[in-house]
Amino acid sequence: MTRGTGLFISFEGIDGSGKSTQARLLAERLRGEGREVVLTREPGGSPGAEEIRALVLQGDPDRWSAETELLLFTAARRDHLERTIRPALARGATVICDRFADSTRMYQGLSRGDLRQAVDTLHELMIGVEPDRTILIDMDPAAALSRAKARATPEERFEDFGLGLQEKMRAGFLALAAEFAGRFRVIDGNRAPEAVAEDVRAALEARV
Ligand code: ADP
Ligand code: TYD
């Protein structure tokens with residue numbers, strides 16, 4: 001699957017770590033520098049994938065098995081890639097994505113089941129693309145969870161798995177950053193949004 005010439009940046013981290021805030025601040029900053037930016041998110045980012053988003057993020061925590069979730073998230077990602085990400089990269093735009101395949105490696109591959117091998121196999125078969133740069137916003141799990149809970153949206157299926165899951169996820173994301181050290185940059189999210197944003201921009205300096 002060809003990528004085009006645009007730059008592909010993803011944000012990862014536990015729920016409430018500040019990914020969406022930082023993705024938006026970075027998009028505003030790069031647009032201010034005159035770049036075309038496509039700010040998007042997963043699950044979602046295309047009409048079909050947004051429909052799948054409602055299926056996976058709302059309802060009872062036991063609604064889906066980890067295996068079924070893996071298929072739904074991968075289906076959503078394939079549609080997002082075909083309709084939003086690849087066209088944008090092909091015309092040279094910068095794509096900023098709030099979560100991508102690393103979230104599946106973590107949530108379905110590690111936390112909800114021991115499915116990492118299946119996640120990687122399916123990724124290779126159906127997606128085959130990694131971001132050029134992945135920003136991991138590292139956060140204390142208790143603080144991140146209280147931030148996430150304060151939002152009070154209906155999309156709380158994953159937050160309802162609780163603090164234990166958040167702690168496991170934080171450690172898992174740090175291990176993933178070490179595994180893919182070439183594209184990951186880890187940034188301390190326990191600071192004011194503007195301070196975090198400065199580090200995010202600096203982490204892209206060599207690329208943008
Ligand atoms: P995520 O996308 O990782 O779940 P959000 O960007 O949606 O995180 O942030 C979760 C909540 O915390 C939001 O209400 C947001 O306004 C707030 N928030 C984001 N970044 C910070 C920060 N650096 N300090 C304090 N609160 C923040
Ligand atoms: P998101 O809207 O980014 O939530 P938050 O802003 O709280 O971080 O993502 C929703 C949830 O979906 C989040 O708990 C992680 C989960 N998720 C997966 O389990 N697998 C995936 O592949 C993706 C992209 C997200």
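In listed order, ligands and their atoms are each counted from 1.
- Relative to atom 12 (O) of ligand 2, the option among Thr21, Leu57, Asp15 with the closest non-hydrogen atom is Leu57.
- Atoms of ligand 2 lying under 4.0 Å from any heavy atom of Thr104, numbered from 1 in the order shown and given with element: 21 (C), 22 (O).
- Partner Thr104 forms a side chain to side chain donor-acceptor pair (under 3.5 Å) with one of Arg77, Glu42, His123 and no other, that one being Arg77.
- Centroid-to-centroid, the aromatic rings of Phe100 and Phe8 come within less than 6.0 Å.
- Of the polar atoms of Val196, none of the N or O atoms is found under 3.5 Å from an N or O of ligand 1, judged by distance alone.
- Among His80, Lys19, Arg99, the residue whose heavy atom sits closest to atom 9 (O) of ligand 2 is Arg99.
- Few gaps surround CD on Glu205; more than 12 heavy atoms of other groups in view lie less than 6.0 Å from it.
- Side-chain N or O atoms of Arg183 include none that pairs as donor or acceptor with a backbone N or O of Ala177 at under 3.5 Å.
- Using a 4.5 Å heavy-atom cutoff, the side chains of Pro43 and Ile52 are not in contact.
- For ligand 2, the atoms sitting less than 4.0 Å from at least one non-hydrogen atom of Arg77 are 22 (O), 24 (C), numbered in the order shown with element in parentheses.
- For ligand 1, the polar-atom distance check finds an N/O of Arg191 within less than 3.5 Å of one of the ligand's N/O atoms.
- Distances below 4.0 Å separate heavy atoms of Gly18 from the following atoms of ligand 1: 1 (P), 3 (O), 5 (P), 6 (O), 8 (O), 9 (O).
- Residue contacts with ligand 1 for Ala192 involve N, CA, C or O but no side-chain atom from C-beta outward (heavy atoms, distance under 4.0 Å).
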Under the side chain to side chain contact (heavy atoms under 4.5 Å, CB included) criterion, do Asn190 and Met139 qualify, and how do the steps go?
CA-CA 6 Å; Asn190 296 283; Met139 254 310 270; 3.3 Å; yes

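- A heavy-atom distance below 4.5 Å is not found between the side chains of Leu7 and Arg133.
- Annotation for ligand 1: atoms under 4.0 Å from non-hydrogen atoms of Ser20 are 1 (P), 2 (O), 6 (O), 7 (O).
- At most 12 heavy atoms of other shown residues, nucleotides or ligands fall within 6.0 angstrom of atom CZ in Arg83.
- Evaluated by nearest non-hydrogen atom to atom 20 (N) of ligand 2, the leading choice among Met106, Arg105, Gln108, Gln166 is Gln108.
- Contacts between Arg41 and ligand 2 below 4.0 angstrom, taking non-hydrogen atoms only, are absent altogether.
- The shortest N or O to N or O distance between Arg147 and ligand 1 is under 3.5 Å.
- The distance criterion of under 3.5 Å between nitrogen or oxygen atoms is not met by Glu69 with respect to ligand 2.
- Across the listed options Phe73, Phe11, Phe100, Tyr107, Tyr107 owns the non-hydrogen atom lying nearest to atom 15 (C) of ligand 2.
- Side chains of Leu39 and Ile96 form a contact here, defined as non-hydrogen atoms less than 4.5 Å apart.
- For CD of Glu51, the number of neighbouring non-hydrogen atoms (other residues, nucleotides, ligands) closer than 6.0 Å is 12 at most.
- With Thr21, Ile14, Asp188 as candidates, the residue nearest to atom 15 (C) of ligand 1 on a non-hydrogen basis is Thr21.
- Taking 4.5 Å as the limit, every side-chain heavy atom of Val196 sits out of range of all side-chain heavy atoms of Thr21.
- The closest approach between Gly13 and ligand 1 stays at or above 4.0 Å for every heavy atom of the residue.
- Polar contact with ligand 1: absent for Asp15 (N/O pair, distance under 3.5 Å).
- Ligand-side atoms of ligand 2 in range of Arg53: 2 (O), range being under 4.0 angstrom from any heavy atom.
- Within the 4.5 Å cutoff, the side chain of Arg99 has no heavy atoms near those of the Arg41 side chain.
- Ligand-side atoms of ligand 1 in range of Lys19: 1 (P), 2 (O), 3 (O), 4 (O), 6 (O), 8 (O), range being under 4.0 angstrom from any heavy atom.
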